[in-house]
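Here the structure is laid out as structure tokens; the discussion comes afterwards.
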Amino acid sequence: MVTGIVLGLVFGAANAYLGLRVGLTVSASIPAAVLTVAVFRLLGRKGTILEANISQTIGSASTSLATGTIFTIPALFLWGVAPPYLQVVALCFLGAVLGLSAMIPLRRLLIVDAHAELPYPEGTACAEVLRATAADSSGSVWIFRGMAVGALVKIVIALFFLMPGEVGMALPFLPKAELAIELAPALLAVGYILGYRQSGVLVAGSIVSSLVLIPLIAFIGQGLAAPLFPETVKLVSAMSTGEIWSRYVRYIGAGAVAAAGILTVLKNLPTMAGAFLAVVKGVRGGTKEGEAGPVDRTDRDLPGGFVFGGIAFVVLSAALVPGIFSGGMGPLPRAVCAAGVGVFGVLFVAVAARIVGIVGVSSQPTSGITLVTLIAIASLFAAAGWTDGNARAAVLTVGTIVAIAASKAGDISQDLKTGWLVGATPARQQLGQLIGASFACWGVAATVLLLGSAYTFGTKEIPAPQATLMKTIIEGVLSGALPWGLVLSGAGLSVAVILCGISGLAFAIGVYLPLASMAPIFVGGCARALVERAQKGLPPSESDAGVLAASGLVAGEGLAGVLVAALVALRVAPKGRPPLVAGVPGEALTFLVLLAVCAFLVQAGRRSSSAPGQPSSS
């Protein structure tokens, strides 16, 4: 249990940092499983596979909390309403309890009865990793190596300022067009984990933004004698590349992300309806339907009283406790917000638990779920005439709880699948998730607030893209001043790529984020492609050392980023300064380090093709 709690705090902080950088998080289940076995061996005891499973379940509980928090809370900072620490902790905990409680009735239906239909890819893979590492924990060394490499590179760039953290160049034939790449081990790792195709879709969206939309707007605007809406002061010809993105492309990207997320939800409406009905009829206490007597250990859930009690606790706490929702609203608005949490929370828990069984946690449409919730609650507020700054903050915190609940449902679904495959007790896993969330909510909240105090959300250091998107949508719905022409243009882009059979959400995220952040993700995907090409024709490995090394890179850079943020907040270290090695030598050094990290990932990945006890093919 202690191992799981510590791992949860580590990966919660790392995922919060990563999510605030690029709006994506990675699953902690597999690295937590490997590290658990490694810790057991370090302590001189082998441990059972069930002990490793419960530790991994507790350790992975933090990912969902980080996802929901980074999607919303930074927007409060952008509005100048920095939330108190205890409020963020409470929002995280309530979202976790809601997601866990509403998922329990679905466990038997989705995990057991629909085994052939819903593979739950991360859960199945994690079970295989647990079986493999229970016999051989050598793969864990790559996680520790990755953590060391990720932390070292981050500290060298952000604390010692040895070299530039980003290299870029302007293209002479396209107005305001720029190519850039950031030296970020965590982003390289994300690309490796996603693979070549998914990372290629991400960078494709960013290329459209940087090399098509920005030059096109600059070309059209260079002959205008008046500001182009929604800008009211500055001419397009006088704008920098960043200003064109902020005033125009940002709204196109917001429309693309919103449309892709909402279309993903609509596409899964049949699944939503069936899963939601299962919530109603799925609560069968501690026995199987139609059976009496004791239940097998491997089929025992937490009792139905916990299900109803947990949901009621969340809704009543949200409605009756002042300060849960931001904005200091009165009893009636708080009741509307609490009702929204109950209705959308339970509904989208069923949606998420089903969807992740097919596409996995990394592809679940949490942003779309959050957007639908925010648009619905904001529309109710607008109809009631509650449109001031307090109303915006209240609507946003409804989205926080629902986003965490949906993400938590997806997370625990994968863990329950793992447990079912290795013979664990579901009730103990569910209790472990509750314990993990009870501790992780403090760490995730502290990480987000620390980064918010050390840097400014929405800037190059911490872009917080998902929260910026949510802020834009809420402001537009409540004020009626959204530049719909740009937003709908972005929606058209998403529809076009979806019709081509491409992931609309991945492409839209690329449109919304700068090329400098997407390029290293693509480079990481290329490294994965090199490894897979070298492994063609070889039997599949039970655990991919490259993925473990990539997980270590994410954790290492994330923890180092939190450390640097703490030093900046304490005024021990500066936010930035010119690099010690500048100019062409500095850029060359940046490229060399980038290539070295890629080589590290390729080396780790190629180790996976070696049979245990045999030398690597490298």
Side-chain angles (χ1 to χ4, degrees), residues 2-32 35-36 39 55-56 58-74 77 83 85 88-89 91-93 95-96 143-144 146-155 158-159 184-187 189-190 193 400 404 407-408 411 433 435-455 457 461-464 466-467 550-570 573:
V2 174
T3 303
I5 290 171
V6 172
L7 292 176
L9 293 172
V10 169
F11 283 103
N15 264 317
Y17 171 81
L18 178 65
L20 290 170
R21 289 289 310 280
V22 293
L24 300 169
T25 57
V26 295
S27 174
S29 291
I30 291 177
L35 286 175
T36 293
V39 170
S55 177
Q56 162 258 318
I58 295 172
S60 66
S62 61
T63 302
S64 55
L65 274 63
T67 300
T69 305
I70 61 99
F71 270 38
T72 53
I73 293 301
F77 284 82
Y85 176 55
V88 181
V89 172
L91 290 169
C92 287
F93 182 69
I143 296 183
F144 292 114
M147 292 177 69
V149 171
L152 177 64
V153 174
K154 180 64 180 178
I155 289 172
L159 192 60
L187 301 185
V190 168
I193 293 170
T400 304
I404 291 173
S407 186
K408 170 61 66 181
D411 179 45
Q433 273 274 343
I435 293 171
S438 301
F439 283 89
C441 61
W442 300 89
V444 169
T447 301
V448 173
L449 295 184
L450 175 63
L451 291 169
S453 63
Y455 303 102
F457 289 129
E461 292 89 355
I462 304 290
Q466 296 284 9
S551 300
L553 287 175
V554 172
E557 182 180 337
L559 293 177
V562 172
L563 172 63
V564 171
L567 295 176
V568 171
L570 294 172

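Note that the coordinates shown come from a computational prediction; the quantities given were computed from them, not determined experimentally. By convention here, the first residue in the shown sequence is residue 1.
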Is the shortest heavy-atom distance from the side chain of [X] to the side chain of [Y] under 4.5 Å?
X	Y	answer
Phe71	Ser407	no
Val149	Leu553	yes
Ile404	Cys92	yes
Val6	Val39	no
Leu91	Pro83	no
Ser60	Gln433	yes

Taking all heavy atoms of [X] and all of [Y], pick out the closest pair and write down the distance.
X	Y	result
Ala66	Val444	CA-CG1, 3.8 Å
Ala16	Thr447	CB-CG2, 3.9 Å
Tyr17	Gly561	CE1-CA, 3.9 Å
Ala550	Ala189	O-CB, 3.2 Å
Ala565	Ala454	O-CB, 3.2 Å
Ala440	Leu9	CA-CD2, 4.1 Å

Are Thr400 and Thr72 close enough that a side-chain donor and a side-chain acceptor fall under 3.5 Å? yes
Can a donor-acceptor pair be found, under 3.5 Å and without considering hydrogens, that links the side chain of [X] to the backbone of [Y]?
X	Y	value
Ser62	Gly8	yes
Lys408	Ala61	yes
Glu557	Gly150	no

As an exercise, state the distance from [atom1] of [X] to [atom2] of [Y], rounded to the nearest 0.5 Å.
X	Y	atom1	atom2	value
Asn15	Thr69	CG	OG1	11.0 Å
Thr3	Leu7	OG1	CG	6.5 Å
Leu65	Phe439	CG	CZ	13.5 Å
Tyr85	Leu450	OH	CG	11.0 Å

